[in-house]
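Worksheet: the structure to be examined is printed underneath.
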Number of protein chains: 2
Amino acid sequence: MSSIKYAKIRLSIVDSCLLTRISLKHILSTFDIIEKIKDFENADNFIASLKSSHIPDIVLMSMDLNGINGIEATKLIKKEFPKVKVIILSSNKDKEYFIASMYEGANAFVQKSIDHEQLMKIIKAVHFGAYWIGPDHINLYKEAFPKPDSYDLQNLYKKQASSFDLTVREKQVLKLLVEGKSNSEIAKEIIISTNTAKAHVGNILNKMHVTDRVQAAVIAVKSNII
Amino acid sequence: MSSIKYAKIRLSIVDSCLLTRISLKHILSTFDIIEKIKDFENADNFIASLKSSHIPDIVLMSMDLNGINGIEATKLIKKEFPKVKVIILSSNKDKEYFIASMYEGANAFVQKSIDHEQLMKIIKAVHFGAYWIGPDHINLYKEAFPKPDSYDLQNLYKKQASSFDLTVREKQVLKLLVEGKSNSEIAKEIIISTNTAKAHVGNILNKMHVTDRVQAAVIAVKSNII
DNA sequence: AAATAAATCACCCGATTGGGTAATTATTGG
DNA sequence: CCAATAATTACCCAATCGGGTGATTTATTT
């Protein structure tokens with residue numbers, strides 16, 4: 001069987017609870033893919049250690065920590081040591097924890113309730129470059145990406161503005177309208193008369209099938225017609 | 001060494017190009033983790049095959065196909081057969097392809113330029129449940145998630161509405177305002193007088209530090225104060 | 001050359017808005 | 001219990017808005 005060779009993995013563990021650190025270290029050290037494991041009781045110490053020398057491939061980072069928490073730690077780590085993969089371990093599956101962790105570039109968001117074999121698989125997948133998102137968060141993950149406007153590969157995210165057939169000038173006016181400018185302010189900005197600005201806005205409302213500028217602005221913002 | 005055991009993987013390949021299908025099938029079949037490989041020249045045939053019987057664990061789906069494309073196919077597959085993992089193979093690294101694929105629930109978005117060993121690793125990681133996002137798209141991935149408003153675990157996504165200190169009633173009015181309703185329509189909707197609606201709107205404008213309802217609506221939409 | 005569309009401006013009119021000021025009634029937190 | 005806040009309404013006023021209708025100029029297309 002053509003088995004995949006994994007390079008040895010240098011691991012660090014950051015958790016405020018000593019017993020957790022000891023246990024995790026013990027059980028993970030039985031996998032000889034793991035080269036060495038260092039542990040830290042808080043993120044500050046861990047980050048300080050990165051600066052002095054030993055940079056691990058992966059860090060298992062608990063969410064609740066004394067000092068800076070797992071999310072902020074992820075941000076700092078990814079900023080200065082982007083090669084370090086971060087696996088967030090959370091006992092809380094609060095979706096906001098997940099979303100914020102992902103925003104900061106975490107490679108995995110893992111419930112502490114999983115067993116060590118699963119964790120090991122996740123560590124390997126992450127080491128290879130994968131992201132791991134638990135079943136509880138898959139929907140959030142999907143929703144994080146915008147829905148395509150069509151399934152035509154050429155027009156996946158074709159702005160709806162063009163489907164409204166707004167002219168160049170009208171898009172320009174719409175943009176100012178979205179900024180909350182009045183007709184006369186719009187007029188001043190692009191050097192036309194207030195009457196013309198008014199005419200443009202009227203045409204925009206017609207084309208967008210709405211009856212007032214607030215609706216036009218909301219649709220413009222929601223559908224990214226900048 | 002405590003090696004991870006992978007269950008055999010049933011694979012399908014969907015690509016319009018016969019040569020690609022043959023070559024891929026040939027090279028992947030040298031990995032005996034792969035149980036059997038079926039191939040299809042378009043997504044319609046593949047999806048039809050799912051309905052008749054043989055459901056694979058993973059499908060390698062080309063983006064450009066005759067008939068429905070890889071993205072739409074992903075949508076249909078995930079809707080009816082959510083257990084099937086979809087790996088999108090694209091020769092084009094257009095970010096819109098990536099984003100749309102991810103929205104539809106693809107498990108990996110892979111450039112066709114990778115080699116078979118890497119592909120195999122990705123297949124394994126995906127089979128376990130991981131997501132794989134290539135280095136070209138990591139930034140897009142990060143940006144897909146909203147930035148936290150703070151690093152306090154209790155207030156990661158505290159809506160800015162509360163920083164505007166809008167009352168419950170005001171938020172209710174703001175919501176209707178965002179829908180493009182006039183003061184009198186708002187009044188009818190929540191059964192208050194037009195004067196009261198007007199007063200609420202005035203207070204909202206003050207609290208949000210804007211001078212007209214369009215700006216309030218735009219800020220509300222952009223900052224998710226629904 | 002003719003037709004079409006985009007951009008420009010004017011004038012009218014009734015409805016709506018935003019900014020004040022002021023007052024009444026809960027409700028709630030010290 | 002008292003002060004503060006929220007929610008309610010009224011009235012006034014100037015400015016703005018949205019809906020018409022109509023007209024001119026300049027490109028672009030046919």
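Just so you know, these numbers use all the heavy atoms, side chains as well, and skip hydrogens, waters and symmetry mates. Chain letters run A, B, ... following the sequence lines, proteins first, then strands; residues in each count from 1.
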Quiz item: Listed by chain and number, what are the side-chain hydrogen bond (donor to acceptor under 3.5 Å, both in side chains) partners of A/Q172, not counting sequence neighbours?
Solution: A/R169
Self-check item: Those residues that, when tested against B/E189, pass side-chain hydrogen bond (donor to acceptor under 3.5 Å, both in side chains) (two or more places apart)
Solution: none
Quiz prompt | Distance in angstrom units between B/I191 CD1 and D/dT8 P, rounded | solution = 11 Å
Quiz item: Around atom NZ of B/K188, are there more than 12 heavy atoms of other residues, nucleotides or ligands at under 6.0 Å?
Solution: no
Quiz item: Is there a side-chain polar atom (N or O) of A/H200 under 4.0 Å from OP1 or OP2 of C/dA7?
Solution: no
Quiz prompt | Residue A/V168, side-chain heavy atoms: nucleotide from C/dC9, C/dA7, D/dT9 that is nearest | solution = C/dA7
Self-check item: Interatomic distance, B/K171 NZ vs D/dA7 P [rounded to whole Å]
Solution: 11 Å
Quiz item: Taking only residues two or more places apart in sequence, or in another chain, which ones meet A/F109 in a ring-ring contact (aromatic ring centres under 6.0 Å, His included)?
Solution: A/F98, A/H137
Give me, pair by pair, the N or O atoms of the protein and of nucleotides 26-30 of chain D that are less than 3.5 Å apart, along with how far apart they are.
none

Quiz item: When the distance from CD1 of B/I186 to P of D/dA7 is rounded to whole Å, what number comes out?
Solution: 15 Å
Self-check item: Nearest-0.5 Å distance that lies between atom OH in A/Y131 and atom CG in A/N107
Solution: 5.0 Å
Exercise. May I have the distance from A/E170 (atom CD) to C/dA5 (atom P), rounded to whole angstrom?
Key: 13 Å
Quiz prompt | Partner residues of A/H26 under the side chain to side chain contact (heavy atoms under 4.5 Å, CB included) criterion, sequence neighbours left out | solution = none
Quiz item: Can you list the residues that meet the side chain to side chain contact (heavy atoms under 4.5 Å, CB included) rule with A/S184, with sequence neighbours excluded?
Solution: A/S182, A/T194
Quiz prompt | Per-nucleotide protein contact string for nucleotides 17-22 of chain C (B base, S sugar-phosphate only, - none; heavy atom under 4.0 Å) | solution = SBB---
Self-check item: side chain to side chain contact (heavy atoms under 4.5 Å, CB included) partners for A/D136, two or more places apart
Solution: A/K93, A/Q111
Quiz item: Starting at CD of A/Q215 and ending at P of D/dG18, how long is that distance when rounded to a whole Å?
Solution: 10 Å
Exercise. Would you mind reading off the distance between B/K188 atom NZ and D/dT8 atom P, rounded to a whole angstrom?
Key: 17 Å
Quiz prompt | Which residues share a side-chain hydrogen bond (donor to acceptor under 3.5 Å, both in side chains) with B/E179, sequence neighbours left out | solution = B/K181
Quiz item: What bend angle does the helix from C/dA1-D/dT30 to C/dG30-D/dC1 show across its length, from five-pair end axes and to the nearest 10 degrees?
Solution: 60°
Quiz prompt | Rounded interatomic separation in angstrom, taking CG from A/N203 and P from D/dG20 | solution = 12 Å
Quiz item: Does B/F40 have any ring-ring contact (aromatic ring centres under 6.0 Å, His included) partners at least two apart in sequence or in another chain, and if so, which?
Solution: B/F46
Quiz prompt | Whole-Å distance separating the CG atom of A/N195 from the P atom of C/dA7 | solution = 17 Å
Practice problem: Return the set of residues passing side-chain hydrogen bond (donor to acceptor under 3.5 Å, both in side chains) with B/S16 (not counting sequence neighbours), or none when no residue passes. | Solution: none
Exercise. Return no unless some side-chain N or O of B/T196 is found under 4.0 Å from OP1 or OP2 of D/dA10.
Key: no
